[in-house]
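Written out below as structure tokens is the structure these notes cover.
Hydrogens, waters and symmetry mates are skipped; everything else that's a heavy atom, side chains included, is used. Everything quoted here is computed from the prediction, not taken from an experiment.
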Amino acid sequence: MAEFMELEAQDGVRMTWNVVPGTKEEAGNCVVPVSAIYTPIKPFPNMLVLPYAPLRCRNCSSVLNPFCVMDFAAKIWICPFCFHRSHFPAHYASVSEENLPAELFPQYTTIEYKSPREAACLQSVFMFVIDTSIIEEEMAFLKSALSQVIGLFPDNSLVGLITFGTLVHLHEIGFSTAPKTYVFKGSKDVSKGQLLEQMGFFLNKPKPLTGVRDGLSSESIARFLLPASECEFAINSVLEELQKDPWPIPADQRASRSTGTALSVAASLLGACFPGSGARIMAFLGGPSTEGPGAIVSKNLSEPIRSHKDLDKDSAPHYHKAIKFYETLAKQLVHQGHVLDLFACAVDQVGVAELKVVVERTGGFVVLAESFGHSVFKDTLRRVFQSGDKGLGLSSNGIFEVNCSKDLKVQGVLGPCASLEKGNTSAWKMCGLDQATSLCLVFDIVRKDIPDATVQSSSSQFYFQFLTFYQHNSGEMRLRVTTLSRRWVAGPGSIQDLISGFDQDAAAAAMARLVSFKMEIEAEFDPIRWLDKALIHICSRFGDYQKDTPSSFSLSPRFSIFPQFMFHLRRSQFVQVFNNSPDETAYFRMILNRENVANSVVMIQPSLVSYSFQSVPEPALLDVTAIAADRILLLDSYFTVVIFHGSTIAQWRKAGYHDQPEHQAFAQLLQAPRDDADAIINERFPVPRLVICDQHGSQARFLLAKLNPSASCNSDGHGPGGDIIFTDDVSFEVFLDHLQRLAVQ
């Protein structure tokens, strides 16, 4: 593990196979695809930023890197991707073995360039889209949270405001003396042309024939988008006056809410004013869309909101229409280079499942909470605008490209980006990205046969280069270049080499993304069967055993935790969807699709720490046997952090022993998991939900659902803590037993 983490610390990359199968057949036999999980703008303490443009290969456009072969005498470099020979330009004239440019140093496999010509700092734009069809209490929570972040906007940014319920209101905040709003009918989609016409952008002059942008003066834009330094008073005034949607709601109906039209108006306004510059639409939704394009349910309360069952049976009447509308909106935003962030705070579903396509393709955030008063929402919103070390490093307008050796092909990318439809899909648009955004690249090995020994010995390396051109949060345009080399092997003796390079954490994260993707796009796909089949094939290929003797089966340490990961992945919220709403499932998958390997592994197999008087805090097995009356358990399942008090601990706490001076040790025992939970919560984005519960209490389910049911209603006996789990799921021991029996056949 340590060596793979070192590689990640140097380049921000984890690969499933660090020794790559060399032919198509070998790769097929390895089951887990050759993939890389890459964090394009991961911050590195000693990142070198070069103040000049990169030197590119004339043939394949890859950038000069430490793996290039040099001919210093002839001043020529040979590209490792296409073997093209290029001459160094005049400003590299002094290059020699003793005088290397930084990009050829072996330790700088990841490096950044900033072009002095493109140092013009671009503005960032925030357009708030606020749902007013919510109850007074929620309205007060939302207004309070927004007024707290207004002072945190970056100095060089612009801010605009749209509110919506039955109608959509675009606020003209540029004139504080007589504030004005433009009102649009919520039940009808508004085109960019209609929007600008209605807002009187072209009153005294002919409509431009070329781009709409050419017709907009900065005065026109300033009516709707104010600099952050000037907007505080104007926006606070609008927020103070803001009331819940005044339209009456009959007792048998839902509130009228035109989410689709509001987002469409925001997208068209930003497209007219700031195409190609970093802009974010931040939507605050408090319920389902019931009006106009993108509606997910009718106003009639007798019609329930779609469930997974409805989607499976294709009996959700609004679903496909809404998806189609949001796919068009996604296309528009990607073309403009703009981002949609979603803050969905309601007890009911709001339509995250339908909006997923827009948020994911534009690289936006998604936050799911039960109320605008919940700390999950308030703390996450504050984190978005934090700067310095705690900041997210929000960047925009990214273009991500991949170059690789001719025997490799990029099959696709799983993550928050949109294909640029460029040739064989090797370029993607990343409208929004931050320091943690991670992509999973899946590669195909194209080569059919093993080359002969002479060729093999001279070039048994595959090369990969990742290029990320993006607008840094300082406003300047940068290019991050990461170049990697991995050895390939093929033929009968290659198994040990493949085993030595297998990264089981990265493999679990890649399989989780892949199974989630297949569940969404393949009808009749059976995820459990697919995962089980993959695991059996891997174990029979890489396990050590005598045929038909299950007791002889063993796995190398490189593979030993992988079956455990797959066991927990089968039981996770990514695969078992019946317990969750389509909105929750979409939310979990969107977060999985943008996180790095370490965070993904916590989502698949949560971490459990035990606190007791007998020992220092120590990791515990994720098993029902970890529960004990005199223990406190801290479970981190990424989305939820649970502090679980054993029954004796809970009784002592209720009796108030921790407040008595002679029981200082008990007070410290109670405080330790709380401090550790706070440390996790402060580091994470979106902020996880904190659950504090007692053994046998109703909220203990948050812990029990994640534990291996080694003592269940179907097994004999209880766990040592006296707990059993009521489930039909098999325990890990039974699962492993079946796996060994099938693998050795």
Side-chain angles (χ1 to χ4, degrees), residues 3-4 6-8 10-24 26-27 30 33-40 54-71 76-86 100-113 400-413 423-428 439-448 450-451 454-469 479-490 494 497-498 501 503 506:
E3 65 198 275
F4 301 141
E6 271 169 39
L7 291 169
E8 186 179 23
Q10 184 182 334
D11 293 314
V13 180
R14 291 278 286 270
M15 291 197 67
T16 50
W17 299 98
N18 289 279
V19 176
V20 182
T23 65
K24 196 172 184 65
E26 289 273 345
C30 285
V34 176
S35 35
I37 293 180
Y38 177 54
T39 310
L55 189 55
R56 286 181 178 264
C57 167
R58 283 196 181 154
N59 186 43
C60 70
S61 292
S62 61
V63 171
L64 184 66
N65 61 75
F67 302 106
C68 295
V69 177
M70 299 294 143
D71 181 343
I76 281 173
W77 61 281
I78 302 166
C79 168
F81 297 97
C82 67
F83 310 116
H84 183 77
R85 300 165 73 85
S86 303
L100 288 175
E103 59 265 48
L104 290 178
F105 277 47
Q107 68 268 40
Y108 292 132
T109 43
T110 292
I111 203 160
E112 275 200 358
Y113 297 87
F400 177 70
E401 290 190 55
V402 181
N403 291 319
C404 43
S405 298
K406 68 175 174 47
D407 290 318
L408 291 166
K409 202 171 117 210
V410 184
Q411 202 179 342
V413 170
N424 59 356
T425 61
S426 57
W428 292 264
L439 301 174
C440 176
L441 297 104
V442 182
F443 297 96
D444 246 350
I445 312 294
V446 185
R447 184 198 297 154
K448 295 274 196 295
I450 307 169
T454 50
V455 179
Q456 195 171 334
S457 60
S458 64
S459 65
S460 60
Q461 296 285 331
F462 280 150
Y463 296 98
F464 307 81
Q465 189 172 70
F466 307 141
L467 307 165
T468 314
F469 185 65
L479 174 69
R480 165 101 46 124
V481 181
T482 295
T483 315
L484 317 166
S485 142
R486 292 288 186 271
R487 185 165 65 91
W488 62 262
V489 293
S494 60
D497 288 328
L498 288 170
D503 180 345

Step-by-step side chain to side chain contact (heavy atoms under 4.5 Å, CB included) determination, Leu441 to Phe400: CA-CA 11 Å; Leu441 297 104; Phe400 177 70; 3.7 Å; yes
Are [X] and [Y] side-chain neighbours, meaning at least one heavy-atom pair lies under 4.5 Å?
X	Y	value
Thr23	Trp488	no
Val13	Leu7	no
Lys24	Asp444	yes
Ile445	Phe462	yes
Asn65	Pro80	yes
Phe464	Met15	yes
Leu104	Trp77	no
Glu3	Asn18	no

For the student: nearest non-hydrogen atoms of [X] and [Y], plus distance:
X	Y	value
Gln461	Arg486	OE1-C, 3.3 Å
Cys82	Asn59	SG-ND2, 3.3 Å
Ser405	Phe81	N-CD2, 3.8 Å
Pro33	Thr16	O-OG1, 2.8 Å
Thr468	Pro40	OG1-CB, 3.5 Å
Ser35	Val442	CB-CA, 4.0 Å

Working for side chain to side chain contact (heavy atoms under 4.5 Å, CB included), residues Thr483 and Tyr463: CA-CA 7 Å; Thr483 315; Tyr463 296 98; 5.5 Å; no
Neighbour count above 12 (heavy atom, 6.0 Å) for Arg56 CZ: yes
Step-by-step side chain to side chain contact (heavy atoms under 4.5 Å, CB included) determination, Val410 to Cys404: CA-CA 8 Å; Val410 184; Cys404 43; 4.2 Å; yes
Aromatic ring pairing Phe466/Tyr38, orientation class (parallel under 30°, perpendicular over 60°, tilted between): tilted
For Thr109, the option from Glu103, Gln465, Gln10 that meets side-chain hydrogen bond (donor to acceptor under 3.5 Å, both in side chains): Gln10
Thr110 backbone acceptor or donor facing Arg480 side chain under 3.5 Å: no
Working to the nearest 0.5 angstrom, can you tell me the gap between [X] [atom1] and [Y] [atom2]?
X	Y	atom1	atom2	result
Met70	Leu100	CE	CG	7.5 Å
His84	Cys79	NE2	SG	8.5 Å
Leu498	Cys30	CG	SG	5.0 Å
Glu8	Ile37	CD	CD1	9.0 Å

Step-by-step side chain to side chain contact (heavy atoms under 4.5 Å, CB included) determination, Leu479 to Leu467: CA-CA 7 Å; Leu479 174 69; Leu467 307 165; 4.2 Å; yes
Contacts of Asp503 that satisfy side chain to side chain donor-acceptor pair (under 3.5 Å) - sequence neighbours left out: Arg14
